[in-house]
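Everything quoted here is computed from the prediction, not taken from an experiment.
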Amino acid sequence: MARFELRLPKMGESVAEATITNWLKEVGDKIEADEAVLEIATDKVDSEVPSEVSGILVEQLFGKDDLVQVGQTIAIIETEGGDDALNAVVETQVPTEVQAIEHTIEAVKEAVAPVQDFSGSEKFLSPLVKNIAKEEGVSVAELDSIAGSGKDGRITKEDILKYIEDRKSGAVKVEVAPKAEEVLVNETPKAEAPKTETVVLKAVEAKPEPIVQKSQQAIPVSVNGADEIVEMDRMRKLISGYMVASVQTSAHVQSFIEVDVTNIVKWRDKVKAAFEKREGEKLTFTPIMMEAVAKALKDFPGMNISVEGDYIIKKKNINLGMAAALPNGNLIVPVIKNADQLNLVGMAKAVNDLGNRAKAGKLKPDDTQGGTYTVTNVGTFGSVFGTPIINQPQVGILALGAIRKVPAVIETPEGDFIGIRQKMFLSHSYDHRVVDGALGGSFVKRVAEYLEAFDIERDI
């Protein structure tokens with residue numbers, strides 16, 4: 001038997017941590033390679049963590065709702081065969097409740113104690129060895145000096161315990177770092193302690209507050225017993241926090257413009273069957289609209305920016321966010337990277353791929369990162385227009401209204417007459433801190449011009 005450490009995988013350049021939302025496997029369950037073991041959630045996306053090996057789940061190192069850093073060991077899987085390279089660090093199984101208490105204690109210790117970083121060691125150090133070293137104040141230099149008895153000279157639990165015993169007996173002379181417990185409970189700290197405490201407190205105060213916090217208000221109670229009281233799920237709490245923060249951050253202003261999209265409707269009706277047969281993809285109106293928005297952003301780069309404090313960041317790439325409704329009613333915004341470089345076929349494939357994976361809950365964290373401008377289709381639900389909230393730190397968001405048949409005045413060389421046209425409203429919300437009416441209005445007008453000038457004879 002060998003033990004394998006299941007670690008939280010890297011999920012994108014900007015994702016450093018995730019929250020465990022559900023364990024799909026319990027201790028004692030058999031796991032196949034590539035089978036999902038648990039579900040996790042970042043600030044935008046929920047996903048699953050699969051096992052790299054087949055075996056038996058023997059330990060869960062974190063509980064539900066625990067925050068885990070990328071690269072941390074989250075579970076131990078016992079495999080058939082294998083070698084010492086898969087040896088895990090935890091020798092005994094601890095009940096989940098005890099684990100939760102221990103992790104809480106460790107979090108408190110780490111908050112007040114100097115952080116020991118073993119990344120500089122030249123040796124492979126298992127989490128158990130690191131934990132023992134941290135508790136006993138063993139430095140990286142000391143660890144590198146220990147002759148490990150494990151495979152390829154790895155330091156085992158017995159090796160480090162023997163080293164600590166020798167050090168206490170005086171066989172090894174070293175300068176011992178203070179234990180975390182001493183910082184927590186020592187009632188007679190050394191003269192240097194107040195200085196350390198001050199630094200620690202400043203570091204804690206500098207940490208940003210989490211977006212989702214437990215409400216300090218009393219839980220509402222149904223007076224008549226007929227009302228149902230349901231707590232918001234995690235994603236809804238996040239969305240709530242983002243929306244309130246955006247309204248408080250940006251000075252929202254809206255511009256509206258009506259667009260004649262008759263040519264687009266006729267063209268799509270003419271080619272959609274052939275497009276689906278050739279590409280294996282449905283052709284909706286969304287990629288056509290996204291193409292026009294990408295072109296307009298190239299014409300007006302002042303809309304393709306973000307704001308950080310008193311600074312404006314001009315974005316080199318045009319990455320279009322595409323607001324999508326999830327089956328549970330929540331909202332997510334996957335991003336089409338370098339949208340201005342895609343032709344209509346590529347745009348349609350990107351829109352369909354992100355939309356389908358959003359509905360199936362298969363988006364990756366990177367799929368929602370890096371957006372520079374967002375488009376939302378409120379017309380899907382029959383809305384004629386809307387006033388969407390800006391997706392921070394972007395400075396604009398465009399809402400696509402429902403396409404409707406309406407009577408309209410048509411100008412011809414022979415005179416004006418009334419005809420039936422396909423029309424829609426574009427609603428542009430923009431940040432008046434950095435985008436004035438001239439830019440905001442000109443941008444949405446340019447989008448409308450691209451849509452109205454659509455070539456009905458265009459090839460696919």
_With a 4.0 Å cut-off on N to O distance, would you call Asp366 and Lys364 a salt bridge?_
no
_How long is the straight-line distance from CZ of Phe285 back to CE of Met424, given to the nearest 0.5 Å?_
9.0 Å
*Roughly how far, to the nearest 0.5 Å, is CG of Leu400 from CG of Asn377?*
5.0 Å
*Minimum-distance pair of heavy atoms, taken over all atoms of Met347 and Ile336*: SD-CD1, 4.0 Å
_Within the 3.5 Å criterion, strictly below it, is a donor on Thr374 or Gln394 matched to an acceptor on the partner's side chain?_
yes
*What are the two closest heavy atoms between Leu38 and Trp23, and how far apart are they?*
CB-CE3, 3.8 Å
_Expected output: side-chain Asn317 to main-chain Asn319 donor-acceptor under 3.5 Å_ = no
*Any luck finding a side-chain donor-acceptor pair between Glu35 and Ser51 under 3.5 Å?*
no
*Look up atom CG in Asp66 and atom CD1 in Ile20, then write down how far apart they are to the nearest 0.5 Å.*
6.0 Å
*How long is the span from the CG atom in Asp353 to the CG atom in Leu363, to the nearest 0.5 Å?*
8.5 Å
_Suppose the criterion is salt bridge (charged side-chain N to carboxylate O under 4.0 Å, His left out): which pairs have a residue in residues 313-336, not counting sequence neighbours?_
none
*asked:* Has Asp436 got a side-chain atom pairing as donor or acceptor with Leu439's backbone, closer than 3.5 angstrom?
replied: no
*Counterpart residues, ring pair (Phe, Tyr, Trp, His ring centres under 6.0 Å), relative to Phe443 (two or more places apart)*: Tyr373, His428
*Tell me, which pairs form a ring pair (Phe, Tyr, Trp, His ring centres under 6.0 Å) where one or both residues lie in residues 381-413, sequence neighbours left out?*
Phe256-Phe385, Phe385-Phe425
*Side chains of Gln254 and Ser427: do they bring a donor and an acceptor to under 3.5 Å?*
no
*Identify the heavy atoms of Ile264 and Leu451 that sit nearest to each other, and give their distance.*
CD1-O, 3.5 Å
*Has Lys349 got more than 12 heavy atoms of other residues, nucleotides or ligands less than 6.0 Å from its NZ?*
yes
*Heavy atoms from other residues, nucleotides or ligands near OH of Tyr311 exceed 12 (cutoff 6.0 Å)*: no
*asked:* So which atom in Ala408 and which in Arg421 form the shortest heavy-atom distance, rounded to 0.1 Å?
replied: CB-CG, 3.8 Å
*Ser246 side chain to Asn391 backbone, donor-acceptor under 3.5 Å*: no
